[in-house]
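Below: the structure, in structure tokens.
Quick caveat: nothing in here was measured; it's all calculated off a predicted structure. Labels below follow one simple rule: chain letters A, B, ... track the order of the sequence lines, proteins then strands, and each chain is numbered from 1.
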Protein chains: 2
Amino acid sequence: MEVAEQNTESKILEAARQVFTQKGFAAARMQEIADVAGINKGLLHYYFRNKNKLFKAVFDEAFERFALKVNDIFAADIPLFEKIEAFVDQYMDIMLENPSLPAFVINELNQKGDEFVKGIMNRKHRPNPLLLIGQIQMEVEAGRIRPVNPLHLVLNMLSMCAFPFIARPMFQGLVQVDDATYLKLMENRKREVTDFILNAIRVKQ
Amino acid sequence: MEVAEQNTESKILEAARQVFTQKGFAAARMQEIADVAGINKGLLHYYFRNKNKLFKAVFDEAFERFALKVNDIFAADIPLFEKIEAFVDQYMDIMLENPSLPAFVINELNQKGDEFVKGIMNRKHRPNPLLLIGQIQMEVEAGRIRPVNPLHLVLNMLSMCAFPFIARPMFQGLVQVDDATYLKLMENRKREVTDFILNAIRVKQ
DNA sequence: GTCTATAGGTAGATAGAC
DNA sequence: GTCTATCTACCTATAGAC
């Protein structure tokens, strides 16, 4: 449960990430973060003044890391079909590497007020799907794919990749599978979702 | 903000539903629930003993209402293509009627421990996708649709319907749309998602 | 059944020794 | 920088009058 050898600030951040992502802001306890970090509670305040600032540090870092990776894929200069495959692959890899992160981000954006969301969304590094939407639009106009609404297509891609991770407890509760089976299912899912999307937009012969 | 004329227990439940779904269990305050209900804090404990029991009452009711509707669609005795259309339509209607509910359920299942999830999932009324999965399996074997993995297909359907509501703040933050526009988008989305799915599974001529 | 007042516990934050 | 001790505020829950 404890955190590896590193400087105190890093230990705190990693512990805070663990506790905040698992419990959410409101249920997270400074005492537990200190315990996980293996340090004293007072030190949290020495480094990060208060709970809100510590949370903001964790959330911003997580959100930005996420945004950068996603934008890399959105902006890549490759054909649409390849980009969709790459997107599904890499997006689900991010999820597999940080299983509790997407639910955490979504949830805090839901519960914190509008000002919080505004603050997050008005930063330079945020997911920007416009490039991908434009690319889809061009393919539609050229008649190379079915006439789909580009915004909904992007939303479909995001949904199918992210939802199974966000709703993991519900999913694992409904179809009774252990963690190993679940992870295997998600690995298979990459191929399944990619095929699903490509068949959905491909023009009929 | 206050709650209409009804008996005290109903007023409490409706107020609790509002506050819990918006703030989540940990951040919800008994005082605020009492205020919204327009009654005194002590009455909450008179009717529901403690915060946990009040929460359980709200959560169970929401989850069960949701499960019953979903199962109705899963179990309907109609052809697959019609069922998919009906599912998308009705499932998204549930979301439109209770916008903050799906995120609430998902989130509490994430944050509360495994015992809580077990407790929820071992009840008679819970979503049961097995009938739909079986129906898909039969269509695949008969060669009437593409050979898709039935479990992933169901997951795709759920994902595309639910995710835009769960991630609504993020979505509205990224593509800057007001609430009215968002709702219109979700209405259009029914048709778009249905077509998307049907094209994805239809056998090529 | 409904209210007021308050007990009891806990969590965030600070003060101050080392 | 790191610790211990403590302050203060708040929140759940209870007691008791009406």
Side-chain angles (χ1 to χ4, degrees), chain A residues 1-61 104 107-108 111-113 115-116 119, chain B residues 1-61 104 107-108 111-113 115-116 119:
Chain A
M1 204 27 118
E2 285 216 3
V3 146
E5 268 322 310
Q6 23 184 343
N7 66 61
T8 305
E9 186 168 339
S10 304
K11 280 197 290 189
I12 293 176
L13 277 173
E14 188 168 328
R17 181 162 40 240
Q18 275 184 38
V19 177
F20 277 134
T21 52
Q22 202 167 27
K23 305 269 175 88
F25 175 80
R29 297 288 164 252
M30 295 295 267
Q31 183 61 61
E32 187 177 354
I33 295 173
D35 291 346
V36 173
I39 52 137
N40 191 273
K41 203 172 49 154
L43 270 186
L44 299 181
H45 293 91
Y46 177 79
Y47 278 93
F48 294 92
R49 190 139 199 88
N50 59 40
K51 188 183 178 184
N52 260 304
K53 288 197 169 55
L54 177 54
F55 174 80
K56 198 93 175 43
V58 168
F59 186 92
D60 285 358
E61 202 263 353
F104 165 68
N107 180 47
E108 299 298 340
Q111 290 179 2
K112 301 246 167 189
E115 356 64 67
F116 181 78
Chain B
M1 206 23 118
E2 284 216 5
V3 146
E5 266 324 308
Q6 25 184 344
N7 66 62
T8 305
E9 186 169 338
S10 304
K11 281 197 290 189
I12 293 176
L13 276 173
E14 187 168 329
R17 182 163 36 242
Q18 274 184 39
V19 177
F20 277 134
T21 52
Q22 202 167 26
K23 306 268 175 86
F25 175 80
R29 297 288 164 249
M30 296 295 266
Q31 183 62 61
E32 186 177 356
I33 294 173
D35 291 345
V36 173
I39 52 139
N40 190 274
K41 206 174 41 155
L43 271 186
L44 299 181
H45 292 91
Y46 177 80
Y47 278 92
F48 294 91
R49 191 142 196 86
N50 58 42
K51 188 183 176 183
N52 260 303
K53 287 197 169 55
L54 176 55
F55 174 80
K56 199 94 175 43
V58 168
F59 187 91
D60 284 359
E61 203 263 352
F104 165 68
N107 180 47
E108 298 299 338
Q111 290 179 2
K112 300 245 170 191
E115 356 65 67
F116 181 78

Run the salt bridge (Lys or Arg N to Asp or Glu O under 4.0 Å) test against A/K56 and tell me which residues pass, sequence neighbours left out. A/D60
Taking C-beta and beyond as the side chain, do B/R29 and B/K23 meet within less than 4.5 Å on heavy atoms? no
Just the rounded figure in Å: distance from C1' of C/dA13 to CZ of A/F48. 16 Å
Suppose we screen for ring pair (Phe, Tyr, Trp, His ring centres under 6.0 Å). Which residues come up paired with B/Y46, at least two apart in sequence or across chains? none
Counterpart residues, salt bridge (Lys or Arg N to Asp or Glu O under 4.0 Å), relative to A/E61 (two or more places apart): A/R17, A/R65
Using five pairs at each end of the helix from C/dG1-D/dC18 to C/dC18-D/dG1 to define an axis, what is the angle between those two axes, to 10°? 10°
Using a 4.0 Å heavy-atom cut-off, write out nucleotides 11-18 of chain D from 5' to 3' as B (base contacted by protein), S (sugar-phosphate only) or - (no contact). SBBB----
How many Å lie between OH on A/Y47 and P on D/dC3, as a whole number? 10 Å
Nearest whole angstrom, please: distance from the C1' of C/dT2 to the CD1 of B/I12. 11 Å
Atom CG of A/L44 and atom P of D/dT4: how far apart are they, to the nearest Å? 13 Å
Between A/K51 and A/F25, is any pair of side-chain heavy atoms under 4.5 Å apart? yes
Sequence neighbours left out, what passes side chain to side chain contact (heavy atoms under 4.5 Å, CB included) with B/R49? Give chain and number order. B/K53
Do we get A/K112 above A/F55's six-membered ring, with its NZ or CZ under 6.0 Å from the centre and within 45° of the axis? yes
Check B/I33 against B/I12 and note the closest heavy-atom contact, atom names and distance. CG2-O, 4.3 Å
Are OP1 or OP2 of D/dG1 and a side-chain N or O of A/T8 less than 4.0 angstrom apart? no
Rounded interatomic separation in angstrom, taking CD from A/E9 and C1' from D/dT2: 15 Å
For the pair made of CD in A/E32 and C1' in C/dT10, what is the distance, rounded to whole Å? 14 Å
